[in-house]
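To start, the structure under review is shown below, and the notes come after it.
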2 protein chains.
Amino acid sequence: MVLNERKKRILQIIIEDYISTAEPVGSRTIARKYDLGLSPATIRNEMSDLELLGFLEQPHTSAGRIPSARAYRFYVDSMIEPGTLTENDQALIDAWYRERIRNIDEIFQSTAKILSRMTKNVSMVLANKQGSRFFRYLKFLPLDGKRAILCLVTDDGVVDNCVIEIPIGMTQEELDYLSSRITNKLQGFNLAGITGDMLRDVYSDLAQDKLLFSSIFEALHNIGSSNSEQKVFLGGTRQLLNQPEFRNVDRIKDLLSILEEEKVLKDILHAGENSGVKITIGSENKFTGIQDCSMVQATYRLNGRVVGTMAVLGPTRMEYGKIISVMDYLHQYLSNIFEEGRK
Amino acid sequence: MVLNERKKRILQIIIEDYISTAEPVGSRTIARKYDLGLSPATIRNEMSDLELLGFLEQPHTSAGRIPSARAYRFYVDSMIEPGTLTENDQALIDAWYRERIRNIDEIFQSTAKILSRMTKNVSMVLANKQGSRFFRYLKFLPLDGKRAILCLVTDDGVVDNCVIEIPIGMTQEELDYLSSRITNKLQGFNLAGITGDMLRDVYSDLAQDKLLFSSIFEALHNIGSSNSEQKVFLGGTRQLLNQPEFRNVDRIKDLLSILEEEKVLKDILHAGENSGVKITIGSENKFTGIQDCSMVQATYRLNGRVVGTMAVLGPTRMEYGKIISVMDYLHQYLSNIFEEGRK
DNA sequence: TGTTAGCACTCCAAGCAGGAGAGTGCTAAC
DNA sequence: GTTAGCACTCTCCTGCTTGGAGTGCTAACA
C-alpha cells in the first residue's frame with residue numbers, strides 16, 4: 001500500500017501531466033517527456049502496479065492512463081507543497097481589489113470574479129452576513145417637501161440609504177430630533193432583529209403617524225433584510241467552456257442548471273463550512289450532479305464567526321496547488337478588509 | 001417581385017416552422033402539417049419560385065429550405081402583426097420588477113434579466129447615464145476619529161456615499177462647515193465636470209490640507225465617474241446553450257468573447273440608438289462576429305434625451321414578434337419608472 | 001393554364017470495414 | 001531489477017455503401 005519513491009514520482013508525473021493536457025498519459029510519453037532514466041517498459045510495469053493499487057484508470061485498453069479520484073486525494077494530501085503565488089499574480093489580485101471595492105456586495109462579487117479568473121474554473125462565494133450588522137445611528141437628509149433620505153450607518157462602517165416619504169411640511173429640525181430618538185433607542189441592535197414594536201416605542205408621535213412610521217420601518221426592514229440574508233455570488237461560469245471535460249453542451253447545461261439554484265449552492269457551501277480548507281474530489285462529494293467534479297473550499301471567519309465561504313468548482317483534473325494558493329491569498333486579503341471595516 | 005397570397009402564405013409557414021423547429025422545411029412537411037389543400041409538388045413549385053426570388057435558401061440539394069435574411073426582413077416588415085403580451089407574461093414582468101428595483105443599477109440589471117428570460121436569447125441593456133447627475137449637496141456623517149462618511153445627494157435624488165479619511169481630531173462642526181462651503185460652491189454642477197481647481201477654490205484651508213483635500217476629491221471623482229459612465233448590462237448569456245445554432249462550444253465562445261468586450265457592445269448599441277425600434281437581420285449588421293445573428297433593439301428616452309437602449313441578440317431564427325412585444329412592454333414599464341423618479 | 005403523379009437525381013447521415021497509431025501486457029534476455 | 005521485442009487491443013480516421021428525405025423535371029390531367 002505504501003508507495004516507493006519511484007512510484008510516487010511516476011504517479012505525480014501522470015497526475016500533473018494529465019492536469020495540464022487532459023489527455024491520458026502513456027508510458028512512452030513519460031519516458032520521452034520526463035527524464036527518469038527509465039525505459040517505457042519499466043514505467044509500464046510501475047503503472048500497472050499503480051493501477052492495481054487503485055491510483056490509475058484506463059479509459060480503454062490502448063489509451064494511456066488517467067489518475068483516479070484516489071490518486072488526486074493522495075496527491076492533494078501528500079504531494080503538493082504549500083506554494084505561494086507569483087508576484088505577478090499577487091499584484092493582479094491587489095490591483096483588482098483596489099479598483100473595485102466600494103461596498104460590501106462588490107467585495108464578494110469581485111472575489112468571485114478574480115477567483116474564477118485566476119483558477120480558470122467556476123467560483124462560488126457565499127456571503128454569510130446573517131446577524132453581522134448592528135445599528136449605529138441614522139440620519140435624515142433633506143430631499144424635498146414630501147421625501148427625505150434615510151441614511152443608516154451600522155457598526156461595521158457601512159452606510160445604506162433609502163428614500164422615504166415624509167408628511168408634508170415636516171421640518172429638518174423635526175427630522176433631526178426623530179433621528180436622534182430612533183438612534184438612542186435602536187443603537188447596538190442587530191438590524192435583522194428590529195421589530196415594529198421597538199420602533200413604535202421610540203415616541204408616541206411617531207407611532208401615530210402611520211405614513212412616517214411605516215416608511216421608516218419599511219426602509220429599516222429593507223436594509224436589514226437585504227443585508228442579513230446569505231447571498232451566493234457566482235463567478236466565471238463561462239470558464240466551463242474552456243474545459244475539455246465540458247466540450248459538450250449538454251454537460252454544461254446540466255452543471256449550469258445546478259449552479260442556477262441558489263438553494264442548492266448554499267447547501268453545498270454550508271456542507272464544507274466547518275473545516276478551514278476543504279478539498280472534495282469527485283464522488284467524495286455527496287451532492288448529485290457535481291460528483292464528477294472537484295471542489296476546493298475555504299471558509300473565512302472574523303472573531304470566530306463564519307463570514308463567508310469561497311469555493312472553486314471544476315473537473316477533478318484541476319490545479320489543486322494553484323487554487324489553494326490563490327485562495328490563501330484571497331483569504332488574507334479579505335481578512336484584512338474585514339478587520340479594517342471593523343475598526 | 002410582388003408575391004401573391006399563396007406565395008406569402010407558404011413563405012410565412014416556412015419562416016414560422018423554421019423558427020420553431022430549427023429544421024429546414026420540405027414541401028412534403030408543409031403539405032402534411034398545414035392544410036393548404038395543395039400537393040407537395042405544387043408547393044415545391046412555389047418554393048422554387050421563392051428561392052429564385054431570394055427568399056429561401058437550401059443548405060444542400062436534398063434538404064428542405066430555410067428562410068434567407070431577406071425573407072426575415074420581409075416577414076418582419078409586412079407579416080407580423082403588432083401583437084400584445086399574454087396577461088400571464090405581463091404579470092410575470094410586473095412581479096419581476098416589483099421585487100427587484102431598489103436602485104438604478106438594479107433596474108437595468110433586472111431589465112436585462114427579464115428580457116433574456118422572456119425572449120430566450122441574450123439581452124443587452126445600455127444605461128446611458130452620461131451627464132445626467134448634478135451636484136445638489138453633500139454631508140459628512142461621523143464614523144470615527146480618522147474617518148467620516150461622505151454622503152452626496154444629486155438632483156435626481158440619488159444618494160451615494162463613500163468613506164473618507166479625515167485629519168485626526170477634526171470635529172463634526174468643522175466638517176459641517178466644510179460641507180456647506182463645498183455645497184455652496186459646487187451646487188448645480190455636473191458631477192462629471194467637477195475639477196480639482198473648483199474644489200480647491202472652496203476655501204484655502206481645504207486646499208492646504210492635502211489628506212482631506214485628496215480624499216474628498218477622490219470620493220467625488222469616484223462617485224461621478226462610476227455613475228456618469230455608460231454601462232452595459234448583459235443578460236442570459238447562458239440562453240445561448242439552448243439554441244441549436246450554438247450546439248458547438250466554439251461558436252458560443254466566439255460570441256461570448258465579443259459580448260465580453262464592453263466597448264464593442266457600446267458601439268453596437270450606439271449604432272442603433274437613433275431609431276425607435278430597430279431590427280437588424282444577419283448581415284445587415286455591420287459588426288463582425290455577429291453577422292450571422294439578428295438583433296432587435298429599442299431605445300428609450302426621457303424628455304427627448306436617450307436614457308438607455310435595450311437589445312436582444314440571437315440567431316436570425318428568432319421570434320421577432322414576441323421579442324418586439326416584450327420590448328414594448330418593458331419600454332412602457334421603464335418609462336413609468338423614470339418618470340416617477342423624476343418627479 | 002394550373003395542378004398533380006411519377007420518377008430520376010442529389011445529398012446527407014448512419015453504419016461498416018480496413019488501416020494507422022498509440023498503448024498495453026507478456027516473455028525472454030541482459 | 002531492467003529492458004527489448006512482439007503480439008494484441010482499442011480508438012480514430014478514411015472510404016465505401018445504403019437508406020431516407022427532398023428536389024426538379026416531365027407528362028398527364030382537370
Side-chain angles (χ1 to χ4, degrees), chain A residues 2-11 13-18 20-68 71 244-245 247-248, chain B residues 2-11 13-18 20-68 71 244-245 247-248:
Chain A
V2 174
L3 303 184
N4 62 31
E5 279 312 310
R6 196 168 75 183
K7 282 202 174 51
K8 273 195 199 170
R9 177 85 186 106
I10 290 176
L11 181 57
I13 285 176
I14 295 174
I15 294 175
E16 291 177 356
D17 196 88
Y18 184 66
S20 69
T21 65
E23 296 288 334
V25 190
S27 53
R28 229 195 136 79
T29 319
I30 298 179
R32 227 183 308 127
K33 240 165 120 177
Y34 305 87
D35 191 20
L36 290 176
L38 294 175
S39 78
T42 312
I43 296 172
R44 231 160 22 236
N45 289 333
E46 296 289 36
M47 285 167 82
S48 175
D49 291 350
L50 286 167
E51 182 169 0
L52 269 180
L53 290 169
F55 288 106
L56 295 179
E57 287 166 0
Q58 267 186 302
H60 57 263
T61 331
S62 72
R65 286 179 167 95
I66 62 175
S68 66
E245 278 81 356
R247 283 302 308 169
N248 121 24
Chain B
V2 173
L3 302 184
N4 63 30
E5 280 311 309
R6 196 169 74 183
K7 281 201 174 54
K8 272 195 200 171
R9 177 87 185 102
I10 289 176
L11 182 56
I13 285 176
I14 294 174
I15 293 176
E16 291 177 355
D17 196 271
Y18 184 66
S20 69
T21 65
E23 295 288 332
V25 189
S27 55
R28 229 193 137 82
T29 318
I30 298 180
R32 226 183 308 128
K33 236 164 122 179
Y34 304 87
D35 192 20
L36 289 176
L38 294 174
S39 77
T42 312
I43 296 172
R44 232 168 10 243
N45 289 332
E46 296 289 35
M47 286 168 80
S48 176
D49 292 351
L50 285 168
E51 181 168 1
L52 270 178
L53 290 169
F55 288 105
L56 295 180
E57 287 166 357
Q58 268 187 301
H60 58 262
T61 331
S62 71
R65 285 175 168 96
I66 61 174
S68 65
E245 278 82 356
R247 283 303 304 170
N248 120 26

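- A donor-acceptor contact under 3.5 Å links the side chain of A:Ser62 to the base of D:dC10.
- The environment of CG in A:Asn4 is crowded: more than 12 heavy-atom neighbours from other residues, nucleotides or ligands sit within 6.0 Å.
- Across the strands present, C:dA29 finds its partner in D:dT2; the criterion is a Watson-Crick or G-U wobble pair with both atom distances under 3.5 angstrom.
- With rounding to whole Å, A:Ile43 atom CD1 is found 11 Å from D:dT2 atom P.
- Dashed line: the shortest gap from a side-chain N or O of A:Arg44 to OP1 or OP2 of C:dT27 is not under 4.0 Å.
- Nearest to the side chain of B:Gln58, among D:dT23, D:dT2, C:dT24, sits D:dT23.
- Between A:Ile30 atom CD1 and C:dT24 atom C1' there is a gap of 13 Å when expressed in whole angstrom units.
- Rounded to a whole Å, the CZ atom of A:Arg32 is 12 Å from the C1' atom of C:dG21.
- Nucleotide D:dA7 is matched to C:dT24 when pairs are restricted to Watson-Crick or G-U wobble geometry with both distances under 3.5 angstrom.
- Side-chain nitrogen and oxygen atoms of A:Arg28 include none within less than 4.0 Å of the OP1 or OP2 phosphate oxygen of D:dA4.
- What separates CG of A:Leu50 from C1' of C:dG25 is a distance of 16 Å, to the nearest Å.
- Atom CD1 in B:Ile10 sits roughly 15 Å away from atom C1' in D:dT23 (whole-Å rounding).
- Side-chain N/O atoms of A:Thr61 include none lying less than 4.0 angstrom from OP1 or OP2 on D:dT9.
- Going from atom CG of A:Asp49 over to atom P of C:dC26 covers 11 Å, rounded to whole Å.
- Within the 4.0 Å cut-off from OP1 or OP2 of C:dG23, at least one side-chain nitrogen or oxygen of A:Thr29 is found.
- If you measure from atom CE of B:Met47 to atom P of D:dA21, you get 16 Å, rounded to the nearest angstrom.
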- Item | Chi angles and distances behind the side chain to side chain contact (heavy atoms under 4.5 Å, CB included) call for A:Gln58, A:Ile66 | CA-CA 6 Å; A:Gln58 267 186 302; A:Ile66 62 175; over 6 Å; no

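- Using N1 to N3 plus N6-O4 or O6-N4 for Watson-Crick, or N1-O2 and O6-N3 for G-U wobble, each under 3.5 Å, D:dG15 pairs with C:dC16.
- Using a cut-off of 4.0 Å between Lys/Arg side-chain N and Asp/Glu carboxylate O, A:Arg65 and A:Glu57 are scored as not salt-bridged.
- In the set D:dC10, C:dC26, D:dT3, D:dT3 carries the atom at the smallest distance from any side-chain atom of A:Asn45.
- Comparing B:Glu46 and B:Pro59, the nucleotide of DNA chain C nearest to each residue sits closer to the 5' end for B:Glu46.
- Side-chain atoms of B:Ala41 lie closest to C:dA5 of the nucleotides D:dT2, C:dA5, C:dT3.
- Annotation: the span from A:Phe55 atom CZ to A:Ile15 atom CD1 amounts to 8.5 Å, rounded to 0.5 Å.
- Look at CZ on B:Arg65: it is 15 Å from P on C:dC12, rounded to the nearest Å.
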- Item | Test log, rule side chain to side chain contact (heavy atoms under 4.5 Å, CB included), inputs A:Val25 and A:Leu56 | CA-CA 10 Å; A:Val25 190; A:Leu56 295 179; over 6 Å; no

